[in-house]
Amino acid sequence: MVKLNFSRELRLLTPLQFKNVFEQPFRASTPELSILARKNNLEHPRLGLTVAKKHLKRAHDRNRIKRLVRESFRLYQHQLPACDFVFVAKGGIAKLDNVTFRQTLEKLWLRHIRLAQKS
């Protein structure tokens, strides 16, 4: 049975882990968001989130974005390559409704799956 949890081992936790992804990432992005990826030496993907106050002033807006990203990652985790992913929110992300945001995330996850198959 496939587990669809989001446990601690699936998260990027330290600044060093984030820095590693930012050094030489594979990018998939839209004007509102980016997902950066870099291969890890584990057998599963991990996720880190960066949602700045600069783009989303209110905490409940930032929390909504993070909740949607975690949920999307949780559902796609078994299809994704063994990479460390960092989600980066950009300007204009507040204008996306939940349905559009989920569709955009789905396209970016699929792009990363294709990039991993090429390399």
Side-chain angles (χ1 to χ4, degrees):
M1 183 170 166
V2 176
K3 291 186 178 181
L4 294 176
N5 60 358
F6 187 62
S7 62
R8 189 171 175 86
E9 68 183 14
L10 297 176
R11 301 176 192 167
L12 294 179
L13 300 171
T14 65
L16 187 63
Q17 292 171 338
F18 278 86
K19 183 180 176 188
N20 185 38
V21 177
F22 284 117
E23 284 176 356
Q24 293 179 337
F26 292 106
R27 287 181 197 274
S29 60
T30 66
E32 298 87 12
L33 59 114
S34 288
I35 298 178
L36 310 176
R38 187 159 185 198
K39 292 217 181 280
N40 63 26
N41 295 328
L42 307 172
E43 295 183 10
H44 54 82
R46 296 188 299 180
L47 177 67
L49 301 167
T50 58
V51 182
K53 284 184 183 180
K54 178 180 178 181
H55 304 302
L56 292 164
K57 301 289 185 213
R58 291 187 233 135
H60 70 269
D61 291 330
R62 292 191 301 276
N63 292 340
R64 175 182 72 93
I65 296 299
K66 291 188 279 189
R67 189 172 50 250
L68 291 170
V69 173
R70 284 193 297 262
E71 178 69 8
S72 177
F73 177 81
R74 189 181 68 79
L75 296 174
Y76 274 93
Q77 67 183 333
H78 296 291
Q79 299 171 37
L80 293 171
C83 292
D84 290 340
F85 294 96
V86 174
F87 170 84
V88 180
K90 296 181 184 177
I93 195 163
K95 295 175 185 159
L96 296 177
D97 63 355
N98 287 356
V99 174
T100 307
F101 186 69
R102 282 191 192 108
Q103 291 170 348
T104 304
L105 277 175
E106 182 179 346
K107 288 178 187 174
L108 295 181
W109 291 131
L110 294 174
R111 193 174 307 158
H112 272 297
I113 292 168
R114 283 193 309 269
L115 281 172
Q117 290 170 347
K118 288 181 182 177
S119 60

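Side-chain heavy-atom separations under 4.5 angstrom define the hydrophobic clusters, and Val99 shares its cluster with no other residue. Under the 4.5 angstrom side-chain criterion for Ile, Leu, Val, Met, Phe, Trp and Tyr, Leu42 has no cluster partners at all.
Among pairs with a residue in residues 85-94, those fulfilling side-chain hydrogen bond (donor to acceptor under 3.5 Å, both in side chains) read Ser34-Lys90, at least two apart in sequence or across chains.
Val69 and Val21 are not part of a single hydrophobic cluster, where members link through side-chain heavy atoms under 4.5 Å apart. Grouping the Ile, Leu, Val, Met, Phe, Trp and Tyr side chains by contacts below 4.5 angstrom, directly or via other members, places Ile65 apart from Val86. Transitive grouping of hydrophobic side chains (ILVMFWY, heavy atoms separated by less than 4.5 Å) brings Leu10 and Leu49 into a common cluster. Phe73 is not connected to Phe18 by any chain of hydrophobic side-chain contacts under 4.5 Å among Ile, Leu, Val, Met, Phe, Trp and Tyr, and they are in different clusters.
The salt bridge (charged side-chain N to carboxylate O under 4.0 Å, His left out) check on Arg74 picks up Glu71, with sequence neighbours excluded. By the side-chain contact (heavy atoms from CB on, under 4.5 Å) test, Ala52 is found to be paired with Lys54, His55, residues two or more places apart in sequence or in another chain being considered. Among residues two or more places apart in sequence or in another chain, the side-chain contact (heavy atoms from CB on, under 4.5 Å) test is passed with Glu23 by Lys19, Asn20, Arg38. Applying the side-chain hydrogen bond (donor to acceptor under 3.5 Å, both in side chains) criterion to Thr50, with sequence neighbours excluded, gives no partner residue. Every residue two or more places apart in sequence or in another chain that forms a side-chain hydrogen bond (donor to acceptor under 3.5 Å, both in side chains) with Asn40 is listed here: Asp84. With sequence neighbours left out, Arg58 forms a side-chain contact (heavy atoms from CB on, under 4.5 Å) with His60, Asp61. Evaluation of the side-chain contact (heavy atoms from CB on, under 4.5 Å) rule for Ile113 yields Gln79, Leu80, Pro81, Leu110, Gln117 as partners, not counting sequence neighbours. Partners of Arg62 under the salt bridge (charged side-chain N to carboxylate O under 4.0 Å, His left out) rule, at least two apart in sequence or in another chain, do not exist in this structure.
Note that NE2 of His78 is 11.0 Å distant from NE2 of His44, once rounded to the nearest 0.5 Å. Of the inter-residue distances, the one linking Lys95 atom NZ with Phe101 atom CZ reads 15.0 Å to the nearest 0.5 angstrom. Annotation: the span from Phe87 atom CZ to Leu36 atom CG amounts to 10.5 Å, rounded to 0.5 Å.
In this structure a side-chain-to-backbone donor-acceptor pair under 3.5 Å is present from His112 to Ile35.
The shortest side-chain heavy-atom distance between Leu33 and Val88 does not fall under the 4.5 Å cut-off.
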Task: From CA spacing to verdict: side chain to side chain contact (heavy atoms under 4.5 Å, CB included), Gln77, Leu47 - done: CA-CA 10 Å; Gln77 67 183 333; Leu47 177 67; over 6 Å; no

Show the atom names and distances, to 0.1 Å, of all donor-acceptor pairs under 3.5 Å that link a side chain in residues 102-109 to residues at least two apart or in another chain.
from	atom 1	to	atom 2	distance (Å)
Thr104	OG1	Thr100	O	2.8
Glu106	OE2	Tyr76	OH	3.3
Trp109	NE1	Ser72	OG	2.7

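A pairwise comparison of heavy atoms in Ile93 and Arg64 identifies O-NH2, 4.4 Å as the closest pair.
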